[in-house]
Trainee: 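Structure provided below as structure tokens; questions to follow.
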Number of protein chains: 2
Amino acid sequence: MLDATVHRQLLREASLRVTAPRLAVLRAVDEHPHADTATIIAAVREQLAGVSHQAVYNVLAALTEARLLRRIQPPGSTARFESRVGDNHHHVVCRSCGAIADVDCAVGKAPCLIASDDHGFAVDEAEVIYWGLCPGCAAVQRTP
Amino acid sequence: MLDATVHRQLLREASLRVTAPRLAVLRAVDEHPHADTATIIAAVREQLAGVSHQAVYNVLAALTEARLLRRIQPPGSTARFESRVGDNHHHVVCRSCGAIADVDCAVGKAPCLIASDDHGFAVDEAEVIYWGLCPGCAAVQRTP
DNA sequence: AGGACTTACTTGATCCATTCAAGAGAAGTG
DNA sequence: CACTTCTCTTGAATGGATCAAGTAAGTCCT
């Protein structure tokens, strides 16, 4: 609610029409960082019943294209989205339950790492995924 | 062919039965680094016609579990596999055509990076994906 | 405000990588 | 060589994501 005007402004600045589904998606992703598509659809429908899943997919694609959202997809998981963009931060992912947390990038702007040999590729970003166990899953493994 | 005895030995050491489909998959992945599942299935069938796709999926899962193969899955792509394991190297991926190349890790053993704040996660690996354009796609973009 | 134009959403079907399930077949063991 | 267990084949099902066509809504301009 508080951010609705901010969200409108973000959409305008990206030359995107302001629609109820888009505002609902922006709010849902704000409130559920790193959520998968199914979770986002459910959260959107709590605000706005009857939104089609196709609309949510369209909106997520459009907002990702416009760099208002960032799409992350750890191997073995479905697509997830976050609204924190522009600071080139990274993620730590739990191998057991799939939980995701943000990790600040020490450099802050991409690419934060330089490849030892880039094979002639024009590299513009270095994405880092830290793999491990979240505190909860680590505790379960120690005392099974 | 040359490596068949090596492959047999690798399977034995992993307590896996030596079967024709498994040898064919190991060879196919050796010869097609970073190939997706469809490519691997085709390559396997060139050596051994009539292998079911299910068998290839089973073998890939078993060999990945046994750490004889490594599964990589850049967002937006289907699963890919490589036989280079154990040296914690990274990858550079072309945003345009999906081409993948290896990038040696300066450290060599995981985790090669330390998170600024790991949120209590027990991190055992830092996976790095360098994003950019391969030489071919970069050339096309400059002269469209 | 109202109309025209453009973009977005709904509905319903479809795709395709991957997985599930059950029975036939082959690898390893003594 | 026969037994046990794991692996492969066959065929179907799952589910995230996408495609297509028609309707609805946002934006611009007068």
Side-chain angles (χ1 to χ4, degrees), chain A residues 4-5 7-28 34-45 47-66 68-69 71-81 98, chain B residues 4-5 7-26 28-29 34-45 47-66 68-69 71-81 98:
Chain A
T5 57
H7 288 159
R8 285 175 195 277
Q9 196 176 344
L10 287 171
L11 289 169
R12 281 259 155 69
E13 288 168 358
S15 305
L16 291 172
R17 290 186 179 175
V18 177
T19 70
R22 284 176 178 171
L23 292 172
V25 166
L26 281 171
R27 185 175 161 201
H34 313 128
D36 59 24
T37 312
T39 304
I40 294 172
I41 290 174
V44 165
R45 287 183 175 156
Q47 306 172 54
L48 206 65
V51 180
S52 65
H53 80 147
Q54 182 64 62
V56 176
Y57 274 99
N58 287 345
V59 170
L60 289 172
L63 299 188
T64 302
E65 170 77 14
L68 296 187
L69 296 181
R71 177 186 181 135
I72 53 184
Q73 186 168 11
S77 169
T78 57
R80 292 160 179 269
F81 293 86
Chain B
T5 57
H7 288 159
R8 285 175 196 276
Q9 195 175 346
L10 286 172
L11 289 169
R12 283 261 156 69
E13 288 169 357
S15 305
L16 291 171
R17 290 186 180 174
V18 177
T19 69
R22 284 177 178 170
L23 292 173
V25 166
L26 281 171
V29 175
H34 313 128
D36 59 24
T37 312
T39 303
I40 294 172
I41 291 174
V44 165
R45 286 182 176 156
Q47 306 172 55
L48 206 66
V51 179
S52 65
H53 78 144
Q54 182 64 61
V56 176
Y57 273 99
N58 287 345
V59 170
L60 289 172
L63 299 187
T64 302
E65 171 76 14
L68 296 187
L69 296 182
R71 177 185 181 136
I72 53 184
Q73 186 169 10
S77 169
T78 56
R80 292 160 178 269
F81 292 86

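Worth saying up front: this structure is predicted, and the values here are computed from it rather than measured. Hydrogens, waters and symmetry mates are skipped; everything else that's a heavy atom, side chains included, is used. Residue numbering restarts at 1 for every chain, and letters A, B, ... go by the order of the sequence lines.
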Trainee: Looking only at side-chain atoms of A55(A), point me to the closest of dT7(D), dA8(C), dC9(C).
Mentor: dC9(C)
Trainee: Would you kindly give the CD-to-C1' distance between Q73(A) and dA17(C), to the nearest whole Å?
Mentor: 12 Å
Trainee: In whole angstrom, give the distance that lies between atom CD1 of I40(A) and atom C1' of dG16(D).
Mentor: 13 Å
Trainee: Would you name the heavy atoms of A28(B) and Q47(B) that are closest together and state the gap between them?
Mentor: N-NE2, 3.8 Å
Trainee: For S52(A), answer base if it contacts any base atom (sugar-phosphate contacts may also be present), sugar-phosphate if it contacts only those atoms, and nothing otherwise; contact means non-hydrogen atoms under 4.0 Å.
Mentor: base
Trainee: Kindly indicate whether the side chain of L11(B), heavy atoms from C-beta on, has any atom under 4.5 Å from the side chain of L23(B).
Mentor: yes
Trainee: Just how far, in rounded Å, is P of dC6(D) from CD of E65(B)?
Mentor: 14 Å
Trainee: Which atom names give the shortest non-hydrogen contact between A66(A) and L16(A), and what distance separates them?
Mentor: CB-CD1, 3.8 Å
Trainee: Counting side-chain heavy atoms from CB outward, which of dT10(C), dT19(C), dT18(C) is closest to Q54(B)?
Mentor: dT19(C)
Trainee: How long is the line joining CG of L60(A) and P of dT18(D), in whole Å?
Mentor: 10 Å
Trainee: Looking only at heavy atoms, which two atoms of R22(A) and A62(A) are closest? And how far apart?
Mentor: NH2-CB, 4.4 Å
Trainee: What are the two closest non-hydrogen atoms of P74(A) and R80(A), and how far apart are they?
Mentor: CD-CD, 4.3 Å
Trainee: Check the distance between dA27(C)'s P and R12(B)'s CZ and give it to me in whole angstrom.
Mentor: 11 Å
Trainee: Determine whether any donor atom in the side chain of R17(B) lies under 3.5 Å from an acceptor atom in the base of dT7(D), or the reverse, and answer yes or no.
Mentor: no
Trainee: Nearest to the side chain of T19(A) - dG28(C), dT18(C), dG26(D)?
Mentor: dG26(D)
Trainee: Between A20(B) and A62(A), name the one whose nearest nucleotide on DNA chain C is closer to the 5' end.
Mentor: A62(A)
Trainee: For L16(A) and dT6(C), what is the distance between atoms CG and P respectively, to the nearest whole Å?
Mentor: 18 Å
Trainee: Among the nucleotides dT10(C), dT18(C), dT27(D), which one has an atom lying closest to any side-chain atom of T37(B)?
Mentor: dT18(C)
Trainee: State which of dA17(D), dC9(C), dG28(C) makes the closest approach to the side chain of N58(A).
Mentor: dC9(C)
Trainee: Rounded off to whole Å, could you give me the CZ-to-C1' distance for the R8(A) and dA25(D) pair?
Mentor: 14 Å
Trainee: Please determine, for the side chain of H53(B), which listed nucleotide (dA13(C), dT18(C), dC9(C)) has the closest atom?
Mentor: dT18(C)
Trainee: Provide, to the nearest angstrom, the distance between the OH atom belonging to Y57(B) and the P atom belonging to dA21(C).
Mentor: 18 Å
Trainee: Taking only the side-chain heavy atoms of V18(B) (C-beta and beyond), determine which of dT7(D), dG28(C), dA8(C) contains the nearest atom.
Mentor: dG28(C)
Trainee: At under 4.0 Å between heavy atoms, what does A79(A) touch on the DNA or RNA strands: base, sugar-phosphate, or nothing?
Mentor: sugar-phosphate
Trainee: Using heavy-atom distances to pick each residue's nearest nucleotide on DNA chain D, tell me which of R71(A) and R22(B) is more 5'.
Mentor: R22(B)
